[in-house]
Protein chains: 2
Amino acid sequence: MTDYRAQCWAEMPALITAVQAAGDRIGLPYVAAQADLGDPEPMSDADGKPYAETSFHWVDPDHAYWRDRKLALHIAFLTAARLVAEPFFYSDGRLRTWRPTQLLEAVDCEQAKNTPNFGEAIIAPVHLPRGLVGAVFWCSREPVGVESLFERHAGDLHNLALKLVATHNEARGRPRNATVPQTLTRREVQCLRWAAAGKTDGEIGIILSLSVSTVRFHLRNAAAKLGATGRAQSIQIAAGLGFVGARAA
Amino acid sequence: MTDYRAQCWAEMPALITAVQAAGDRIGLPYVAAQADLGDPEPMSDADGKPYAETSFHWVDPDHAYWRDRKLALHIAFLTAARLVAEPFFYSDGRLRTWRPTQLLEAVDCEQAKNTPNFGEAIIAPVHLPRGLVGAVFWCSREPVGVESLFERHAGDLHNLALKLVATHNEARGRPRNATVPQTLTRREVQCLRWAAAGKTDGEIGIILSLSVSTVRFHLRNAAAKLGATGRAQSIQIAAGLGFVGARAA
DNA sequence: CCTTATCCTGACACAGGTGTCAGCTTGTCT
DNA sequence: AGACAAGCTGACACCTGTGTCAGGATAAGG
């Protein structure tokens, strides 16, 4: 384990304590954290013990929520955490944030509504480079006026969540390819973006007035620079680092 | 333009003003913002006018930085903004954040060091779902003790940057496929994750003890649910929503 | 002048992915 | 019992991507 990772592990106890203490302070004392929504296991310490067991309080302490695939935590809140990056809150059977957001309102909260002993929640999603997504959830058993709590505390909670999730992932050495890639040329980026839009090499050639061989040449170079094996990984890594962006090239 | 997008555009003036005012207040009054690092154009208003021209102050007001590919903004800071999600600062020729971070220290700042009239900076990267990456930069011409400014203000600056970049992208209707996808089944996610790790359908079949046809079946279903055209897009979208995560399936 | 980087292009064999068609079993819920 | 979802498997034609080989032109910097 490198020094950097050891230092990150050393930061974890204070961060975990701060996250639970923040929940206690504002009236949402039931806390859960996921470092990686692609991994169903909960956030754990260096010895593999889940913080859910050692440090966080949960709505139902005897209920290992991460083993229950039907708990609200697994559906609406997780779905929403994948789709937005800004903190949001749950009350009155729906998800909202500081401004009207179409996506959050489209998330089906039926299951959360039907969960007994569950009041309100503030959720801070954490989107990291290379497609890593985590989240922290502060919850209550009864309604506590979460909307005003959200207005006053969401920013700080989000900052805490970002530090916690980013530090934990770095402590675990995730993602493994977290290196500074070589600079991509203008053509490499162009070809990657059209490939990300689903175009074949032939189609890209037509679009950019290049031969298929030239397009392949640039895509292969880009793949080598990004440390990718194949077209799909090139695109995934490039997208995860923001090279692809929102619009087709 | 839908109501949601109109509401987002309506939020923009106050957010832009807040971002510039925050920089003015703490002594880093030269501000730049990118909503999408995959798009070289700067953040603009609903009429297409760059905020860099109408609202933000820059180190060299006559110098359209977004047209200069060699400016510090294009290299070290942008590279770093792609690689980390936590705010960071530039001083003494290097990038640092609130804790030692290997990645930031590996970013080559030679060009920033050699940029005349450039002092220190705080950078707030913004990583959004589906691979959208933006950033806000607060800069000075001379050193201003940015390390202590960072300690006191980074959290608030980051929250401002997140609101600004997320709202601006939503105002523009980016990304176009920002919808709630259908729920993926356990096998669909498993197959996607191995495919994201670069495995062929045959290799995935061996790993999961399934036939090639079954693997293809699950990947095709997943592609349809995600609205993807082809394997590469399936993987990109799944990764951008955190389904792939940090470790090979 | 030389080196390097970037961009460009072609050929060919082979592996992998796509599209479309067909079928089946098991478990859960009404 | 029936409907539905999830999971499973095969065949075949065809397109696309990969890997490896070859070559060239232009611009910038030392």
Side-chain angles (χ1 to χ4, degrees), chain A residues 40 68-70 74-75 108 110-111 114 181-238 243 249, chain B residues 40 68-70 74-75 108 110-111 114 181-238 243 249:
Chain A
D68 183 348
R69 295 176 66 85
K70 292 187 185 334
H74 283 286
I75 311 292
D108 178 11
E110 209 54 36
Q111 194 184 27
N114 294 333
Q182 290 169 272
T183 305
L184 298 176
T185 67
R186 183 177 67 93
R187 279 307 206 192
E188 285 164 358
V189 173
Q190 270 186 322
C191 292
L192 274 173
R193 298 183 73 195
W194 282 112
K199 302 298 181 185
T200 66
D201 288 352
E203 290 167 333
I204 299 169
I206 295 170
I207 293 165
L208 299 180
S209 301
L210 301 172
S211 78
V212 172
S213 302
T214 301
V215 174
R216 284 195 180 142
F217 170 78
H218 291 310
L219 288 175
R220 304 242 52 76
N221 276 2
K225 287 179 172 178
L226 295 169
T229 309
R231 189 193 202 74
Q233 272 203 338
S234 301
I235 292 167
Q236 177 196 351
I237 294 169
F243 284 108
Chain B
D68 184 348
R69 294 176 68 85
K70 291 188 185 334
H74 284 286
I75 312 291
D108 177 12
E110 208 54 35
Q111 194 185 27
N114 294 334
Q182 289 169 272
T183 305
L184 298 176
T185 67
R186 183 177 67 92
R187 280 306 208 193
E188 285 164 358
V189 173
Q190 270 187 321
C191 292
L192 274 173
R193 298 183 74 195
W194 281 112
K199 302 299 183 186
T200 66
D201 290 352
E203 290 167 329
I204 298 170
I206 294 170
I207 293 165
L208 298 179
S209 299
L210 301 172
S211 76
V212 172
S213 303
T214 303
V215 174
R216 283 194 181 142
F217 170 77
H218 291 309
L219 289 175
R220 304 237 56 73
N221 278 2
K225 287 179 172 178
L226 295 170
T229 309
R231 190 193 201 75
Q233 272 203 337
S234 301
I235 292 165
Q236 177 197 350
I237 295 170
F243 283 107

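Labels below follow one simple rule: chain letters A, B, ... track the order of the sequence lines, proteins then strands, and each chain is numbered from 1. Values below: all heavy atoms of this structure, side chains included; hydrogens, waters and symmetry mates excluded.
A:Gln233 approaches B:Gly198 most closely through the heavy-atom pair NE2-N, 3.7 Å. Scanning all heavy atoms of the two residues, the minimum distance from B:Leu208 to B:Arg187 falls at O-NH2, 4.0 Å. Residues A:Leu219 and A:Leu192 share a closest heavy-atom pair of CD2-N, 3.7 Å.
B:Leu210 comes within contact range of the sugar-phosphate backbone alone, with a heavy-atom separation under 4.0 Å but no base atom that close. Counting any heavy atom pair closer than 4.0 Å across all strands shown, B:Asp201 reaches sugar-phosphate atoms only and no base atom. Contacts of B:Gly230 with the nucleic acid, taken as non-hydrogen atoms under 4.0 Å apart, involve only primed sugar atoms and P, OP1 or OP2.
In this structure, the side chain of A:Gln182 does not engage the main chain of A:Leu226 through any donor-acceptor pair within 3.5 Å.
Distance B:Leu208 CG to D:dA6 P: 18 Å, rounded to the nearest Å. For B:Leu219 and D:dG7, the CG to P distance is 13 Å, given to the nearest whole Å. Atom NE2 in B:His218 sits about 11 Å away from atom P in D:dA6, given to the nearest Å. Atoms CZ (A:Phe217) and P (C:dA5) sit 12 Å apart, rounded to a whole Å. Protein atom CZ of A:Arg231 is 11 Å distant from nucleotide atom P of C:dT18, rounded to whole Å. With rounding to whole Å, B:Lys199 atom NZ is found 12 Å from C:dG16 atom P. Taking atom CD1 on B:Ile204 and atom C1' on C:dG16, their separation rounds to 11 Å, with Å as the unit. Between the CZ atom of B:Arg187 and the P atom of C:dG27 there is a distance of 15 Å, given to the nearest Å.
Between the CG atom of A:Asn221 and the OG1 atom of A:Thr185 there is a distance of 7.5 Å, given to the nearest 0.5 Å.
Mapping B:Arg216 and B:Thr183 onto DNA chain D by nearest heavy atom places B:Thr183 closer to the 5' end of the strand. Toward the 5′ end of DNA chain C lies the nearest nucleotide of A:Lys225, the other residue of the pair A:Val212 and A:Lys225 mapping further downstream.
Picking from D:dG10, C:dT18, C:dC8 the nucleotide with the shortest atom distance to the side chain of B:Ser213 gives D:dG10. Distance from the side chain of B:Thr200 is smallest for C:dG17 among the nucleotides D:dT18, C:dC7, C:dG17. If you check C:dT6, C:dG10, C:dC7 against the side chain of A:Ser211, the one that comes closest is C:dG10.
Neither OP1 nor OP2 of C:dT6 sits under 4.0 Å from any side-chain N or O of A:Arg186. Taking side-chain N and O atoms only, A:Thr214 has a distance below 4.0 Å to OP1 or OP2 of C:dT9.
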